[in-house]
**Q** 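Quick one: this structure, given as structure tokens, is what I'll be asking you about.
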Amino acid sequence: VAMVGRVAVLPLWGYVVHRPGWATAYGLATSAEQFAAAHAELIADPAVSAVVWDVDSPGGSVAGVPEAADKLFALRGRKPTVAVSNTLMASAAYWLASAADEIVAA
């Protein structure tokens with residue numbers, strides 16, 4: 001997570017997988033489970049005023065995505081959350097991003 005002022009930038013890069021493993025360790029994938037947990041922490045953090053999801057993902061496994069999307073959607077509206085397509089937001093990544101308040105594409 002990078003901070004730009006009080007805005008947190010949370011990356012969703014690479015393939016979407018259910019849980020962390022070797023692909024997430026090497027930066028080739030994002031765990032849907034970890035992504036939802038990280039977003040929840042940012043929403044709870046009083047130092048964060050908004051969250052931007054930096055999405056560059058071809059999608060991936062559907063396992064764990066419905067549950068993660070439900071958790072993300074339950075947090076919707078608490079703090080402004082924008083999913084930015086930078087540059088690919090497909091399949092499972094779009095499913096997760098649809099839980100944001102807004103989606104922006106270049």
Side-chain angles (χ1 to χ4, degrees):
V1 175
M3 293 298 295
V4 179
R6 294 189 58 210
V7 177
V9 180
L10 180 61
L12 197 166
W13 297 341
Y15 293 98
V16 176
V17 295
H18 185 187
R19 294 187 177 99
W22 69 269
T24 57
Y26 287 100
L28 302 173
T30 296
S31 159
E33 190 175 77
Q34 281 186 322
F35 184 82
H39 179 69
E41 288 178 21
L42 294 171
I43 294 299
D45 187 341
V48 175
S49 63
V51 183
V52 173
W53 298 342
D54 178 13
V55 183
D56 188 8
S57 171
S61 172
V62 74
V65 171
E67 295 82 2
D70 287 347
K71 289 177 184 176
L72 294 168
F73 191 80
L75 297 169
R76 189 181 208 176
R78 294 190 186 177
K79 290 184 183 176
T81 302
V82 179
V84 178
S85 176
N86 180 28
T87 61
L88 182 60
M89 183 189 293
S91 188
Y94 184 80
W95 191 343
L96 294 173
S98 71
D101 295 311
E102 181 179 358
I103 294 175
V104 176

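Keep in mind it's a predicted model, so treat the numbers as computed, not measured. Numbers here are sequence positions counted from 1.
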**Q** Looking only at heavy atoms, which two atoms of Gly60 and Ala92 are closest? And how far apart?
**A** N-CB, 3.8 Å

**Q** Could you tell me which residues satisfy side chain to side chain donor-acceptor pair (under 3.5 Å) with Asp54, sequence neighbours excluded, listed by chain and number?
**A** Trp13, Asn86

**Q** Between Ser91 and Pro58, which heavy-atom pair has the shortest distance, and what is it?
**A** CB-O, 3.9 Å

**Q** If you take all heavy atoms of Ser57 and Gly14, which pair is closest and at what distance?
**A** OG-O, 2.6 Å

**Q** Does anything in residues 97-106 pair up under side-chain hydrogen bond (donor to acceptor under 3.5 Å, both in side chains), and if so which pairs, sequence neighbours excluded?
**A** none

**Q** For residues 4-18, which residue pairs pass the salt bridge (charged side-chain N to carboxylate O under 4.0 Å, His left out) check, not counting sequence neighbours?
**A** none

**Q** I need the minimum non-hydrogen distance between Ala83 and Ala97, along with the two atoms involved.
**A** CB-CB, 3.7 Å

**Q** Does any pair with a residue in residues 63-91 pass ring pair (Phe, Tyr, Trp, His ring centres under 6.0 Å), and if so which ones, sequence neighbours excluded?
**A** none

**Q** Can you give me the closest heavy-atom contact between Ala69 and Ala99, atom names plus distance?
**A** O-CB, 3.8 Å

**Q** So, using side chain to side chain contact (heavy atoms under 4.5 Å, CB included) as the criterion, who are the partners of Gln34 when residues are at least two apart?
**A** Pro20, Ser31

**Q** Using a side-chain heavy atom cutoff under 4.5 Å and only I, L, V, M, F, W and Y, what cluster partners does Leu75 have?
**A** Val1, Met3, Leu10, Leu12, Val16, Phe35, Leu42, Ile43, Val48, Val51, Trp53, Val55, Val62, Val65, Leu72, Met89, Tyr94, Trp95, Leu96, Ile103

**Q** For Arg19, check salt bridge (charged side-chain N to carboxylate O under 4.0 Å, His left out) against everything at least two apart and list the hits.
**A** Glu33

**Q** Does anything in residues 81-98 form a salt bridge (charged side-chain N to carboxylate O under 4.0 Å, His left out)? List the pairs, not counting sequence neighbours.
**A** none

**Q** Using links of under 4.5 Å between side-chain heavy atoms of ILVMFWY residues, direct or through other members, which residues join Leu28 in one cluster?
**A** Trp22, Tyr26

**Q** Which pairs, with at least one residue in residues 58-85 and sequence neighbours excluded, count as a side-chain hydrogen bond (donor to acceptor under 3.5 Å, both in side chains)?
**A** none

